[in-house]
Structure formats: C-alpha cells, structure tokens
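One structure is given below, encoded as structure tokens.
Worth knowing before you read on, the calculation uses all heavy atoms, side chains too, and leaves out hydrogens, waters and symmetry mates. Position 1 is the first residue of the sequence, and the numbers go up from there.
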Amino acid sequence: MKGIVNQLWLIPALPLLAAGLIALMKRPQRKPAAALAIGSMALAFLVSCVAFVATLQPETGKGAVQLTHNFVWFDLGGSALRLGWLLDPLTAGMLVMVTFVGSLIFIFSTGYMADDENFTRFFGFLALFAAAMLGLLIANNLLFLFMCWELVGLASYLLIGFWFHKPSAAAAAKKAFITTRIGDLGFFLGIVWLYHETGTLLFYDNGAGCLEQGAIAKLVAQTTVGGMAVSTAISLLLFCGAVGKSGQVPLHVWLPDAMEGPTPVSALIHAATMVAAGVFLVARVFPLMGNLTADLGADTHAPHTMALTVVTWVGAITAVFAALIAVAQNDIKRILAYSTVSQLGYMMLGLGVGGPAVGMFHLLAHAFFKALLFLGAGSVIHGCHHEQDIRHMGGLRKLMPLTFATYAVGMMALAGFPLVFSGFWSKDEVLHAAMIWSPSKLPFLLALFGAVLTSFYMTRQMWYVFFAPRAEAEHAEPAAHHDDPHAQGHGHEPHESPRVMTMPLAILAVATVLLSLFATPVWPWFHAYLGGHLDHLHVGWSADSAALLTMLFSVVAVAVGVGVSWRLYSRSSTATDALGSRIPKLFMALEGRLHVDEFYAATVFRLNAAVATLSDWFDRFVWGSVVELTALIAKGLAFVSRSVDEQGINFGFDAGCQTTRGAGWLASKLQNGQTQCYLRILGTGVVVLIVALAWMGKN
C-alpha cells in the first residue's frame with residue numbers, strides 16, 4: 001500500500017485530462033463532456049480511497065503515516081529544483097472529501113445546467129478547478145502548492161464569471177481574482193523568504209524539509225525587525241494567502257460576490273475546494289506557525305505563538321462579523337455565502353486555539369453540510385424558476401418536500417443542533433478549545449455569540465423559504481437578482497427538482513449525519529487518525545467538565561437563536577422584515593454589508609486613484625519634462641555637431657579635395673598619351689631652358 005504515494009499524481013491528473021479533452025469538444029457534445037468530468041472525479045475518488053486506506057495503519061511508535069515521493073523537476077546550475085507528493089492523514093482526508101463532494105456537485109450540475117448553451121464549457125472549467133485543488137492537496141513542495149493555488153484562482157475566475165455577459169458576474173470574477181492576489185503577494189514573499197532561509201521548499205525530505213526539526217529550529221533561533229522570530233514573520237506572510245483565499249476579514253469582500261456564478265459553482269467554491277484551501281494551508285504549515293518539531297498530533301491545545309494568536313483573532317472576528325451581516329440578507333445564496341465566511345472564521349479559530357485536528361474536522365463537516373445547503377439552494381432556485389429572493393418564496397415545504405427535508409438537515413447541522421449532526425460536534429470542538437485558551441476568553445465569547453447568530457439567520461431563512469405563507473410572499477418587493485440570466489420570468493408554481501438533483505442532496509444529508517460518529521467524545525476517531533494514534537483509540541466517554549459546560553453553552557446558544565428568530569418571524573408579515581422593523585438603522589447597515597465595500601471605495605480605491613493621478617502628473621510634467629529637456633539637449637548637441645561637421649570639417653575637407661582634384665585635372669592634361677604633345681612640351685622646355693641659360697650667361 002505504501003507504493004500508492006508514487007501514483008498519487010493520478011488523482012489530479014484524471015480531472016486535468018478530462019478538462020483538456022473537454023476543451024477540444026464542440027458545444028453540442030454535452031453528454032460526453034459531462035461523462036468525462038464525472039467519470040474522472042469518480043476515478044479520482046477511488047484512488048483517493050486507496051490512499052486513505054494506506055494511512056489507516058501507522059507503524060507502531062512512529063505516529064501518523066507520512067509517505068513522500070520527491071523527484072527532480074529541473075537543474076539550476078549546481079543544484080536541482082525538486083517537487084514531490086505527500087500522503088499523510090491530512091492529505092488523505094481532504095482528498096476523499098473533495099473528490100466525494102465534488103462528484104456529487106458534478107452530478108447535480110447536469111440537471112441544474114441542463115438548459116445552458118455553454119454546458120460543455122462549464123464542465124471543462126469544473127474539471128480544471130477540481131484538478132487544481134487536488135494538486136494543491138498532494139503537494140510536498142510549497143512552490144508546487146503555490147502553482148496549484150494560482151490555478152485554483154484562475155479556475156474560480158472562469159467559473160464565477162461564467163455568465164460573462166452579465167456585468168455583475170464579470171465584475172465579481174475580477175473582484176475575486178484581484179482580491180485574492182493581494183493575499184497571494186504576501187504568500188509569495190513568504191515562499192521566497194522561506195527558501196532563502198532553508199534552501200528548500202520541500203515540506204518533508206528525510207529530515208531536510210522546511211517543516212522538519214532542523215529547519216524550524218533554525219528559523220525560530222533567528223530574529224528580524226522588532227525581535228520577531230523569522231519563523232513568525234514567514235508564517236504571517238503565508239497566512240496572508242490564507243486570508244485572501246478563505247475570505248477572512250479584511251479580504252472577505254470577494255466571497256459573497258462569488259454568488260454571481262451558477263449555484264453549483266457556489267457549492268464547489270464555498271464548500272469543498274477553494275475556500276478550504278486557505279484553512280488547509282494553515283494546517284499544512286502548522287509546525288512552522290506553532291514552532292513545532294513534532295508531528296501534528298491530536299492534542300486540543302495549540303501552542304501560544306504570535307502567528308497562531310493572529311490566526312485566532314482573525315478567525316474569531318471573521319466568525320462574528322460575517323454572521324452579523326448574514327442576519328439581514330435576502331438573497332438565499334448570499335446568506336449562505338456570509339455563513340461560509342463565518343464558518344471559515346470558526347475553522348481558523350479552531351486551528352489557532354486547538355490545532356489541526358480541531359480546525360480540520362470542522363472543515364470536513366462544513367464541506368458536507370454546506371455543499372448540501374448550496375445544492376439545496378440551487379434546487380430551490382431551480383424549482384422557483386430562478387428566483388433567489390427569499391421574500392418571494394414561502395410554503396415550499398409542501399411543494400418541494402425532498403428538498404425541504406434535506407435542506408433542514410443541512411440547516412440543523414450548520415446551526416449546531418445537538419448530538420446527531422456533525423456541525424454540533426465540530427463546532428463544539430472549536431468552542432471547547434477556545435474556552436480553555438489561556439491568553440483570553442474573548443475569542444470564546446465571540447464564537448458563542450456567532451453560534452447564536454448562526455441559528456438565528458438560518459431559522460429566518462427556513463421560515464421565509466419553507467414556512468411563510470406563499471400568498472404574502474408573492475406580494476413582496478420585486479427581486480433584485482436572479483441566478484440564471486436566461487430566466488424567463490416569475491409567477492409559475494414551484495416544483496420539486498428532478499432526481500439527478502435531489503439524489504446528491506439525499507446522499508449529502510446522510511453523510512452529514514453519519515460524519516457525527518467520528519468526532520464525538522465517545523469515539524474521537526478523527527483526532528486519533530490525524531495524530532496517528534488509532535492503535536490507542538478506545539470507545540468511552542472522555543469529556544471533561546469544560547467539555548460538558550461547552551456543550552451546555554452550545555445548546556443554549558442554538559435554542560436562543562432558533563427561539564428568538566422563530567418568535568419574531570412566525571408572528572409577523574413577510575411584507576416587512578420583523579427584525580428590520582424593530583431596529584431599522586442597524587438592520588439597514590447589516591443589509592448594506594456594514595458598508596465595507598463603500599469604505600474600501602472611499603479609502604483604498606480613492607487612495608489608489610489619487611496615487612494613480614499623482615503618478616500620471618509626475619509622468620506627464622516631471623518625467624515627461626525631463627525627457628523633453630533631454631531631447632532638446634540632444635537636439636542642440638546634434639545641431640552643433642552637424643554645424644561643425646558640415647561647416648568646418650566638411651568644408652575644409654571639400655576644399656582640399658577640390659584642390660587635389662584641380663591638380664589631378666592639370667596632371668591629367670599632361671598625361672594624355674599623345675606623342676606630339678609630349679614633344680611640344682619637351683621642345684617648349686628646351687627653349688625655356690636655353691633662354692634661362694642665356695639670360696644667366698649675360699649676368
């Protein structure tokens with residue numbers, strides 16, 4: 001089984017090959033394109049399962065399985081640049097999740113995009129996106145990870161702007177691409193600095209990797225500006241990339257606008273792939289951030305380093321900030337988008353206070369129930385003839401019973417309903433780790449408040465979509481946004497989606513419930529698996545008093561959020577928002593997304609415009625004047641040079657040439673080849689000579 005690491009490249013190569021073949025297909029070849037994309041993901045899932053099985057049997061006393069395959073990419077003078085694959089529990093778990101959830105999203109897309117004229121191209125982009133994400137997961141080299149990271153950004157640009165003829169979709173694609181590039185600039189600087197300090201970008205290389213004991217000890221011992229350890233500075237630069245890709249404050253603004261893409265794209269980006277990449281990056285470089293020289297382990301206590309402290313606070317702030325905005329949104333997908341931002345904050349918080357086991361389990365659980373929610377939202381949008389405003393829905397629990405049942409499972413998992421839903425256990429792990437985090441209890445309080453808000457806005461959404469009276473819903477304000485630009489209007493009776501769309505919902509709903517079995521205090525399988533301690537795993541209650549108290553707080557938070565939301569909305573008309581009528585100013589601010597985009601427009605964008613204007617002025621009047629002055633000086637020197645050349649050098653040279661030419665002309669007359677002329681000259685010379693001699697003789 002250990003030889004599987006040598007074949008790990010097949011997992012991203014399969015969808016990449018499918019994307020290449022689909023790119024060569026013509027538009028009418030819809031079924032072959034879908035079959036290629038889905039088939040490649042299904043095969044990748046099977047190979048991922050084989051890789052997963054290989055990580056279940058660690059050698060005794062050696063911790064988690066860690067298999068690598070490194071190879072030379074190309075030579076650089078006397079050294080070689082090497083890439084490689086890495087297979088460990090972190091990689092294996094993510095591979096299975098991405099290929100499984102991705103396959104279901106691909107299948108769902110065949111129904112949702114059935115009427116789109118660019119169906120074939122859509123599946124090509126989906127396959128490219130999946131290939132880039134899978135390549136990122138298997139990387140044992142930070143440079144290779146960054147290459148796949150940028151391919152994920154490219155594919156997201158193509159998918160978010162898939163309906164490029166919509167100005168809003170084109171703008172959202174550009175916004176996502178540019179915003180994530182800001183974070184990626186810090187990421188790239190961190191890569192360069194890490195390579196400069198360690199001489200390698202391989203994570204693990206028989207003790208010589210940049211995440212192994214020797215390199216980390218060296219980085220911890222060195223300091224930079226302000227006495228900060230080099231390891232911390234590099235970690236914070238790498239974290240910049242995670243902030244951009246995973247939509248953390250302040251670079252979260254692109255993620256809600258990514259809803260402009262088709263709903264399956266939203267599910268793929270917000271659940272299984274792109275946004276998970278930032279969390280995965282932090283988990284991958286966790287030894288560097290935590291200054292660790294051991295494996296990831298399964299301890300729920302993360303080291304108190306500066307880098308992890310920053311991760312903790314950014315995650316806690318993001319969790320509450322996005323949840324507040326979600327409370328006042330009316331677009332069904334935008335509510336889920338801000339929910340994703342909030343839950344990504346929980347993941348970062350979990351990594352900062354509890355380590356990879358805590359953050360990554362919430363990532364895996366979230367991938368299932370958030371994919372379920374986004375696909376469920378897609379089913380609702382499809383059934384409501386591409387309506388997205390929740391105020392225009394209502395009463396769908398009877399008209400779309402299967403969608404309602406599965407969506408309710410996703411909602412309860414996200415809200416953290418007790419015991420049987422994976423979201424409850426994964427969220428409680430984060431809350432428990434935050435509660436016992438010694439530097440401060442404020443992140444725990446923020447996370448607990450975020451849990452109340454989550455249950456509140458999800459109950460609000462459920463009421464509007466599935467329980468509110470349809471007669472009132474139809475009189476709400478006109479919708480401002482629709483998922484499908486080809487939508488033909490409204491007023492049709494909603495209907496249940498076809499089986500190709502509802503079956504993935506049912507599978508995800510079952511997986512959401514079953515996943516709860518792997519992280520309960522009774523059987524904490526995932527923690528033992530990630531740390532390589534499956535041989536010491538025992539069934540039995542292992543929760544301490546702090547864990548019990550956390551569970552109590554969590555249950556109360558859910559009860560408060562659901563109870564208050566249901567009481568407010570079930571007793572009010574759908575024509576006006578119950579919360580908005582009570583706190584209109586705050587509600588309007590939240591509905592306007594706390595005006596973060598406007599703030600950026602008034603500050604960052606304006607500063608950028610001012611700098612651009614100043615640069616233009618300098619270019620035109622300073623540097624342009626310098627260039628013009630230089631040109632004038634050059635022209636003056638050229639004029640002087642030409643005058644000296646033409647009036648001086650050329651004149652003297654020409655005069656000399658004229659004299660020489662005249663002498664030559666005279667000489668040519670004497671050398672004309674006529675004998676009588678020569679005799680005449682000779683006779684004349686004799687006469688002149690005789691006359692001269694005679695004259696001198698007289699004197």
Salt bridge (charged side-chain N to carboxylate O under 4.0 Å, His left out): which pairs involve [range], sequence neighbours left out?
range	value
residues 339-355	none
residues 238-258	Lys175-Asp257, Asp257-Arg334, Asp257-Arg593
residues 177-191	Glu150-Arg181, Arg181-Asp184

The test is side chain to side chain contact (heavy atoms under 4.5 Å, CB included); show your working for Tyr338 and Gln329 and say whether it passes. CA-CA 9 Å; Tyr338 276 105; Gln329 301 304 305; 4.2 Å; yes

Quick check: [Y] with [X] (ring centres under 6.0 Å apart)?
X	Y	result
Phe321	His252	yes
Phe52	Tyr529	yes
Trp85	Phe144	yes

Looking at [X] and [Y], would you say the former's side chain and the latter's main chain have a donor-acceptor pair under 3.5 Å?
X	Y	value
Thr318	Val249	yes
Ser246	Val279	yes
Thr512	Leu508	yes
Thr305	Met289	yes
Thr91	Leu137	yes

May I have the list of side-chain donor-acceptor pairs in residues 227-234 shorter than 3.5 Å, sequence neighbours left out?
from, atom 1, to, atom 2, distance (Å)
Ser231, OG, Asn291, OD1, 3.1

Chi angles and distances behind the side chain to side chain donor-acceptor pair (under 3.5 Å) call for Ser339, Tyr457: CA-CA 9 Å; Ser339 170; Tyr457 66 69; 3.2 Å; yes

Please work out which of the three classes, parallel, tilted or perpendicular, describes the rings of [Y] and [X], given edges at 30° and 60°.
X	Y	value
Phe106	Phe123	perpendicular
Phe187	Phe146	perpendicular
Tyr600	Phe605	tilted
Phe361	His527	tilted

Is there side-chain contact between [X] and [Y], with at least one heavy-atom pair below 4.5 Å?
X	Y	value
Arg82	Leu202	yes
Leu453	Leu324	yes
Glu212	Ile216	no
Phe374	Met259	yes
Ser440	Trp313	yes
Leu251	Thr180	no

Using ring-ring contact (aromatic ring centres under 6.0 Å, His included), reason through Trp437 and Phe444 one step at a time and then give a plain yes or no. CA-CA 8 Å; Trp437 194 57; Phe444 166 73; over 10 Å; no

How many angstroms lie between CZ in Phe188 and CD1 in Ile191, if you round to the nearest 0.5 Å? 7.0 Å

Just how far is it from atom CD of Glu260 to atom CG of Leu159, taken to the nearest 0.5 Å? 14.0 Å

Is there a side chain to side chain contact (heavy atoms under 4.5 Å, CB included) between Ile11 and Leu95 once you walk through the steps? CA-CA 8 Å; Ile11 298 175; Leu95 286 174; 3.8 Å; yes

If you apply the rule side chain to side chain contact (heavy atoms under 4.5 Å, CB included), what do you find for Val98 with Leu134, and how did you get there? CA-CA 8 Å; Val98 170; Leu134 293 171; 3.8 Å; yes

May I have all residue pairs that pass ring pair (Phe, Tyr, Trp, His ring centres under 6.0 Å) and include part of residues 211-251, sequence neighbours excluded? none

Partners passing side-chain hydrogen bond (donor to acceptor under 3.5 Å, both in side chains) against Trp193 (at least two apart in sequence or in another chain): Glu197

